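Worksheet: the structure to be examined is printed underneath.
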Amino acid sequence: MLYVNGDSIIDIDDDAKNGIDKGQKLSEDQLEIFWPNVQLEVKNIKQVDAKTQVLPLARIKKIMKLDENAKMIAAEAPLLFAKAAEIFIQELTLRAWIHTQGNKRRTLQKSDIATAISKCDQFDFLIDIVPREETSKPARKESDIPKPSSSSTDQVHYYFQLAQQQALQGTSQSTVAHTATTPQNIILTTGNTTTSSSPVVGNIQSTQPIQFLQQVVTSTGEITHVPITITPNQLNLLRMGLGNGANTSPAQQVIIPTIQTQQAPIVQVTSNQQPNTSNIYLGTNQHQQQSLHEDKNKNIANQFRRNC
Amino acid sequence: MVERIEDLNLPAAVVARLIKEALPPSANVSKEARAAIARAASVFVIYLTASSTAVARKKNHKAITAQHILEALDQLEFESFVAPLNEDLENYRKVIKEKKDSKASSKKDDTMEVDDAEPEQDDE
């Protein structure tokens with residue numbers, strides 16, 4: 001365009017010169033001044049044009065000034081920002097285009113941009129700016145939620161702690177002297193948080209009975225494992241009792257007889273100490289579950305990174 | 001300062017042109033995608049400003065200079081931007097110098113012009 005303009009102007013300029021050479025029929029003086037001026041103007045426009053190709057500096061400066069700390073900005077800064085934003089736009093576009101092509105489309109969609117952003121470390125700061133499409137969002141949630149609910153017993157990790165260890169940790173004062181040979185009670189502690197309830201709720205709905213493994217220290221110091229089976233109904237009861245106990249009266253006890261092996265122990269739920277009874281603590285370890293979740297998230301993140 | 005939220009968007013026409021330049025001629029771009037890229041670019045400017053000010057602060061400098069911006073880009077893993085920007089910066093400095101030489105009479109400041117902290121003045 002500009003070239004054409006320039007050429008045409010030069011042509012006209014020549015005409016003007018010819019006109020001057022031919023004679024002074026018209027107001028050649030004016031023409032003489034006029035055409036060089038136009039030429040100059042066009043030349044100037046050329047320069048300005050090259051500049052207006054970048055993003056508007058005033059706008060960029062305005063955006064920069066949103067940052068309270070950016071009080072003084074060098075004159076070069078908006079220019080650099082404009083150029084950087086330009087490169088940024090094109091890079092993001094190209095990365096998104098890769099996904100458009102991958103999906104055999106010819107129209108770049110917003111979802112392509114979201115994918116490009118999620119797959120590249122550089123663009124992490126944009127994850128919330130260009131959210132993934134609704135189609136992919138529920139899919140993600142589905143993968144998160146059903147796992148605990150569909151999980152069978154092995155998804156829930158129960159850690160049995162011996163009463164002695166618990167006492168050492170200062171969380172319980174129960175005196176456990178020769179307790180373990182004939183364990184009568186199991187005390188199920190869950191801490192006071194309710195976060196662990198969701199996976200267990202899922203278990204209640206499953207029909208399978210839940211197996212616990214009970215560690216018992218005999219008087220000789222050996223550790224033996226005694227399996228305990230709790231039916232879903234019993235667990236439900238336990239859960240209810242615990243929930244109440246944790247929230248309102250810590251001394252509340254729920255006693256459920258279990259269909260148990262030889263020793264027929266009683267499952268007792270309490271957050272209070274039971275002096276003179278043999279206690280075995282059974283706690284759900286939420287940290288473990290949390291860390292499992294974190295691991296899972298990390299794996300997902302790593303997968304994305306690898307694709308970047 | 002900012003009256004409307006649209007004031008923070010980069011002009012759609014320019015963004016659209018930049019996008020088109022980056023893609024093969026047969027490519028189409030949905031409206032939504034264009035808006036998303038423009039928004040991303042705005043956020044990028046904010047993001048880069050924040051880290052540039054951080055760099056400047058660390059050095060006890062008050063004004064954000066080109067050097068700070070280049071360093072910030074490096075920190076943000078946009079190091080690939082640095083080389084083309086440096087080139088651009090040199091060009092810009094050349095142009096400025098030429099201008100100054102031609103306008104030899106008027107101004108004598110030759111390093112850089114620093115704007116003072118009065119946003120109202122610089123707006124448009």
Side-chain angles (χ1 to χ4, degrees), chain A residues 47 50-56 58-94 96-97 100-101 105-114 117 120-126 128-130, chain B residues 1-2 7-11 14-15 18-19 21-23 26-30 32-33 35-50 52-54 57 62-66 69-70 73 76-78 80-81 84-85 88-89 92-93 112-117 119 122-124:
Chain A
Q47 279 184 355
K51 266 192 184 174
T52 48
Q53 296 218 322
V54 296
L55 295 157
R59 183 62 59 90
I60 282 170
K61 208 164 175 186
K62 206 180 240 179
I63 299 172
M64 287 176 77
K65 292 264 170 145
L66 281 182
D67 195 325
E68 288 173 4
N69 295 325
K71 289 197 174 121
M72 312 239 284
I73 299 168
E76 301 166 326
L79 187 107
L80 271 190
F81 267 83
K83 189 72 187 169
E86 202 174 298
I87 300 173
F88 171 82
I89 287 170
Q90 299 196 325
E91 176 162 6
L92 183 58
T93 306
L94 267 182
W97 180 247
T100 313
Q101 282 183 319
R105 280 187 273 108
R106 293 179 71 196
T107 305
L108 190 115
Q109 305 282 6
K110 198 176 164 190
S111 59
D112 299 322
I113 300 164
I117 287 169
C120 206
D121 275 359
Q122 273 184 329
F123 298 136
D124 271 357
F125 67 100
L126 292 171
D128 294 329
I129 308 300
V130 186
Chain B
M1 257 174 69
V2 180
D7 288 348
L8 299 179
N9 292 344
L10 297 168
V14 183
V15 175
L18 289 171
I19 293 170
E21 272 174 23
L23 296 178
S26 62
N28 295 319
V29 182
S30 80
E32 264 190 333
I37 289 177
R39 195 152 16 114
S42 287
V43 173
F44 171 73
V45 171
I46 295 171
Y47 183 54
L48 185 54
T49 308
S52 304
T53 48
R57 263 195 172 184
K62 274 190 176 174
I64 303 167
T65 64
I69 297 166
L70 295 176
L73 277 170
L76 301 179
E77 298 182 48
F78 286 103
S80 54
F81 286 28
L85 286 182
D88 219 54
L89 188 63
Y92 172 74
R93 283 180 174 158
M112 59 188 58
E113 303 142 16
V114 174
D115 297 327
D116 282 64
D122 334 297
D123 287 347
E124 304 279 76

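Everything numeric here is computed off the predicted structure, so don't read it as measured data. Just so we're on the same page: letters track the sequence lines, and every chain starts at 1.
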| said: Whether the side chain of B/E77 engages the backbone of A/Q122 through a donor-acceptor N/O pair (distance < 3.5 Å, no angle test) should be reported. | reply: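 It does not hold such a pair.
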| message | I'd like to know if the side chain of A/Q109 and the backbone of B/S30 have a donor-acceptor N/O pair within less than 3.5 Å. | response |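 Checking the backbone N and O of B/S30 against the side chain of A/Q109, no donor-acceptor pair under 3.5 Å is found.
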| Option in A/V130, A/I87, A/I60, A/I117 with maximal non-hydrogen atom pairs under 4.5 Å from chain B |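 With the most close heavy-atom pairs to chain B, the winner is A/I87.
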| query | Are the side chains of A/E91 and B/F81 in touch, meaning some heavy atoms are under 4.5 Å apart? | reply |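 Answer yes - side chains close enough.
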To check you understand the geometry: which heavy-atom pair defines the closest contact between [X] and [Y], and what is its length?
X      : Y     : value
B/A40  : A/L92 : CB-CD2, 3.7 Å
A/D67  : B/A50 : OD2-CA, 3.2 Å
B/L18  : A/Q90 : O-NE2, 3.0 Å
A/I113 : B/A33 : CD1-O, 3.3 Å

| Spacing of B/L48 atom CG and A/M64 atom CE [to the nearest 0.5 Å] |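 The CG atom of B/L48 sits 7.5 Å away from the CE atom of A/M64.
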| request: Verify side chain to side chain contact (heavy atoms under 4.5 Å, CB included) between B/I37 and A/L108, making sure each step is shown before the conclusion. | output: CA-CA 11 Å; B/I37 289 177; A/L108 190 115; 4.2 Å; yes
| Which class fits the ring pair A/F123 and B/F78: parallel under 30°, tilted 30 to 60°, perpendicular over 60°? |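 Taking B/F78 first and then A/F123, their aromatic rings sit tilted (interplane angle of 30° to 60°).
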| What residues, two or more places apart in sequence or in another chain, satisfy side chain to side chain donor-acceptor pair (under 3.5 Å) together with B/T49? |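 Per chain and number, B/T49 pairs via side chain to side chain donor-acceptor pair (under 3.5 Å) with no residue.
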| So which part of B/Y47 gets closer than 4.5 Å to some heavy atom of chain A, the side chain, the backbone, both or neither? |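 For B/Y47, the side chain is the part near chain A, not the backbone.
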| query | Side chain, backbone, both or neither: which part of A/I129 has a non-hydrogen atom closer than 4.5 Å to chain B? | reply |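 Contact with chain B is through both the backbone and side chain of A/I129.
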| query | Of the backbone (N, CA, C, O) and the side chain (C-beta and beyond), which part of A/L80 lies under 4.5 Å from a heavy atom of chain B, both, or neither? | reply |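 Both backbone and side chain.
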| query | Got a sec, which residues hit salt bridge (Lys or Arg N to Asp or Glu O under 4.0 Å) with B/R57, two or more places apart in sequence or on another chain? | reply |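 So B/R57 forms no salt bridge (Lys or Arg N to Asp or Glu O under 4.0 Å) with any residue.
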